[in-house]
Amino acid sequence: MLNLLPWFLLALVGDSLALVATALPGSVNLKDYELKHSFLIDGQEFDYIVVGAGGGGIPAASRLAMAGHDVLLVEAGDDPNLLSDIPGGAMALLGSNIDWQYPTIPNNVSCLSARDNNACRFSRGKCLGGSTSINYMMYTRGNPRDYDDLGIDGWAWKDVKPYFLKYEGLQDLDELPPTSIPYHNTNGTMKVGFFVDSENSWHSRIIKSLQLLDIPFNPDVNAESQIGVTQVVGYVHKGVRMSTARGYLTRKDVKKVLKVAKRTRCTSVILDENNSATGITVITQNKLDLLGLVKKELSLYARKEVILSAGAIGTPQILMLSGIGHAAHLKSLGIPVRVDLPVGDNMSDHVLPLCIIQADPGLGIPVLNPFVIGTKGVQGVQWLATKDGPLASNGLTDATALINTKCYDFEQRKLTHNSSDCELPSLQIINAFIDRNLLQSIELVVQQSIGLKLDVVRQLSAANVHKALLVVSPVVLRPSSRGTIRLKSTDPTDDPAIFPNYLSDERDIEEMLRSITILEHLAETPEYKAHNASLLHLKFDGCPEYEDDREGYWTCYCRHMTYSVFHAVGTARLGAVLDEQLRVRGVERLRVADLSALPELPRANTAASAIAIGERVADFILNSEEEK
């Protein structure tokens, strides 16, 4: 989740990188994604309108357009920026101008050290590619049981697996064992492969030390088993991020047929008297109109269908603004009720307690040393010229582990495998690294990026003066807590009321405590002890001292250092809001193709599932056309 590579150094040299980008051979062309209209016209018609150019929307729109249909893809954001293409720049994208930066409502049992009045931060991509343009690019599909256990016709693993394979273009199959071959495709449009070597010695230490806890090395968590420590492949190709924007929209057979409207925000779905979706209303924003301050309201029409792919936050907001949602909630805002459905319920998100392991220093060069800034600038120029070097890596993030904490023997300090449930991971461990003395001079910048209160940032900074910090994210893969999405008002430009409600179920705390104990054991392995590693015990008002009450301390710690992985699902879920073909119940010609459709979180990073859903909705539509 967090890759705290000194991304702030990238920010310092970012403007210079952008200036020289177009002059270097092979540099990224940020204008790859051109609008096929010079402008949109009120009343304009298309066969299909897809709302949201993210993980699900781009594949859906691209496949429909490639099949010969007149398709408009609507995106509220603009092009991704240069930093989005640099794997090593991922951290700088959180809180940037291509992040929605949604505010949330606190529940006062989680995120108690969040900067904004205990409100958990929530990031989602606001540009072409959506969150695939700002995430950490990890490609994991989840467990077959994630789908088999849904009990929804047509959504078992055998039904969805072909769609993961359809888009996958694995470039490094020869580096995986022969047993991996049946689980992969090398020809798909989304290129995936191994990240460039981070050249950080902690990479091998992490893998070796987890193996000392009898966590097996697993060369391919997308094959027969998810369990183990691995070097995971990611959405990266030739040193560049592979977002859905790059994977689909730069294809020649897509560029010549798909119409893409950027800076165009959908405000509602147009429904006729028979509850059939006939189009959408939008607000467009032209950069040239008074610096983008003039907005134009338009109605656009679909001859066949509308597909919402605005994500687990945006899609329920649009549905409710259109009169589709809880009747009582809509009536309270004066919105005419078209269909009474549980839209916005069942929000589930991967969550973690942000943990810090302090260890002996690495390079230990102060952050403001001009030599370091110059070094990062050289690395940036190297990446622009060759797409290689340290910035083509995502640091330690690709060294990850997946285990079931209930299958860990805490007495023997080893992972066991005594039941079939041990194949179902409950924990994912993700790592990042901060070298010594990098935080002290940029505390306010760090606070802005990670969203923690200043006193917590200063404790981290103080520990970092003489120690390197390993930032460890023990992710709860199947949380029990549930949140909601509601409208704040009828103004479509208002952020919705997001209530994540993390840690409201004590079972999530119990999972976190098991995970932290495993991290304590990890810090006591020989590789870690050789570098004087130990978990950092931050101090929080109202928390007991660690020495006096270990379990009480860590419980309180989890409630303070709660962090999201920004993987929300379930807010327009299959079975309750959608039928088996992703059609909105009670409405004709309206479908959803994003993570809001999944009733449960996959035990994995969610980008893979989002893209598969986009591929699948296109097939649903094209197959239904053939049947007519």
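Sequence positions, counted from 1, serve as the residue numbers for this chain. This structure is a prediction, so every number in the text was calculated from the model and none was measured. These numbers come from the heavy atoms of this one structure, side chains and all, not from hydrogens, waters or symmetry mates.
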task: Give, for atom CG of D220 and atom CG of L173, the distance between the pair rounded to the nearest 0.5 Å.
output: 8.5 Å
- prompt: Taking 4.0 angstrom as the limit, do K166 and E615 come out as a salt bridge?
  reply: yes
- prompt: Is D345 salt-bridged to R573, cutoff N-O under 4.0 Å?
  reply: no
Close side-chain approach of R145 to D421, heavy-atom, < 4.5 Å: yes
- prompt: Is it true that a side-chain atom of D149 and a backbone atom of D146 form a donor plus acceptor pair closer than 3.5 Å?
  reply: no
- prompt: Can a donor-acceptor pair be found between the side chains of T281 and T267 at a distance below 3.5 Å?
  reply: yes
task: Evaluate side-chain contact (heavy atoms from CB on, under 4.5 Å) for F566 paired with T606, printing each intermediate quantity in order.
output: CA-CA 9 Å; F566 316 126; T606 50; over 6 Å; no
- request: Look at the side chain of S225 and the backbone N and O of I227, then say whether any donor-acceptor pair between them is shorter than 3.5 Å.
  value: yes
task: Without swapping roles, check the side chain of T230 against the backbone of N218 for a donor-acceptor pair under 3.5 Å.
output: yes
query: Do I403 and P425 touch side chain to side chain, with heavy atoms closer than 4.5 Å?
result: no
- request: Quickly, which of D99, N135, I86, L83 forms a side-chain contact (heavy atoms from CB on, under 4.5 Å) with L93? Name it, please.
  value: L83
message: Does atom CD (E580) have a neighbourhood of more than 12 heavy atoms from anything else shown, all under 6.0 Å?
response: yes
Worked check of side-chain contact (heavy atoms from CB on, under 4.5 Å) between D495 and I313: CA-CA 9 Å; D495 290 320; I313 307 301; over 6 Å; no
task: Applying salt bridge (charged side-chain N to carboxylate O under 4.0 Å, His left out), run through D78 and K126 and close with a yes or a no.
output: CA-CA 7 Å; D78 207 325; K126 187 182 182 181; over 6 Å; no
message: Less than 3.5 Å apart, any donor N or O on the side chain of Y248 or R246 sitting next to an acceptor on the other?
response: no
- request: Classify the side-chain pair D594/T315 by whether it contains a donor and acceptor separated by less than 3.5 Å.
  value: yes
task: Without swapping roles, check the side chain of R263 against the backbone of Q285 for a donor-acceptor pair under 3.5 Å.
output: yes
query: For N623, does its backbone N or O pair with a side-chain atom of E626 as donor and acceptor, under 3.5 Å?
result: no
query: Strictly by modelled atom types, are E625 and H69 linked by a side-chain donor-acceptor pair under 3.5 Å?
result: yes
field: Min side-chain heavy-atom separation T484-M347 under 4.5 Å
entry: no
Pairwise side-chain contact, V351 with Y563, heavy-atom cut-off 4.5 Å (strictly under): no
Close aromatic pair by centroid cut-off 6.0 Å: W157 and F164: yes
message: Counting only heavy atoms not in K406 (residues, nucleotides, ligands), do more than 12 fall under 6.0 Å from its NZ?
response: no
field: Pair Y502-D508, side-chain contact (heavy atoms from CB on, under 4.5 Å): steps then yes or no
entry: CA-CA 8 Å; Y502 301 133; D508 296 340; over 6 Å; no
message: Quick check against the 3.5 Å criterion: does H237 have a side-chain atom that pairs as donor or acceptor with the backbone of V192?
response: no
message: Could you check whether S609 and Y147, counting side-chain N and O atoms only, form a donor-acceptor pair closer than 3.5 Å?
response: yes
task: May I ask you to test the I621-R591 pair for a side-chain heavy-atom distance under 4.5 Å?
output: yes
query: When you measure from the side chain of R124 to the backbone N and O of A310, does any donor-acceptor pair fall under 3.5 Å?
result: no
task: Could you tell me whether R482 and E600 make a salt bridge, using a distance below 4.0 angstrom between a side-chain N and a carboxylate O?
output: yes
- prompt: More than 12 foreign heavy atoms under 6.0 Å from CD of E175: is that the case here?
  reply: yes
query: Between R338 and S322, is any pair of side-chain heavy atoms under 4.5 Å apart?
result: no
field: Close side-chain approach of L300 and V282, heavy atoms under 4.5 Å
entry: yes
query: Does a side-chain heavy-atom distance below 4.5 Å link Q428 with H350?
result: no
message: Closer than 4.0 angstrom, basic N to acidic O: yes or no for D494 and K488?
response: no
field: Parallel, tilted or perpendicular: rings of Y139 and Y235 (30°, 60°)
entry: perpendicular
- request: Measure from the side-chain N and O atoms of T104 to the backbone N and O of F499, and report whether any donor-acceptor pair falls under 3.5 Å.
  value: no
message: Using modelled atom types and a 3.5 Å cut-off, is there a donor and acceptor pairing between side-chain atoms of N404 and backbone atoms of L424?
response: yes
field: Donor + acceptor pair across side chains of S481, N501 (<3.5 Å)
entry: no
query: For D70, does its backbone N or O pair with a side-chain atom of D47 as donor and acceptor, under 3.5 Å?
result: yes
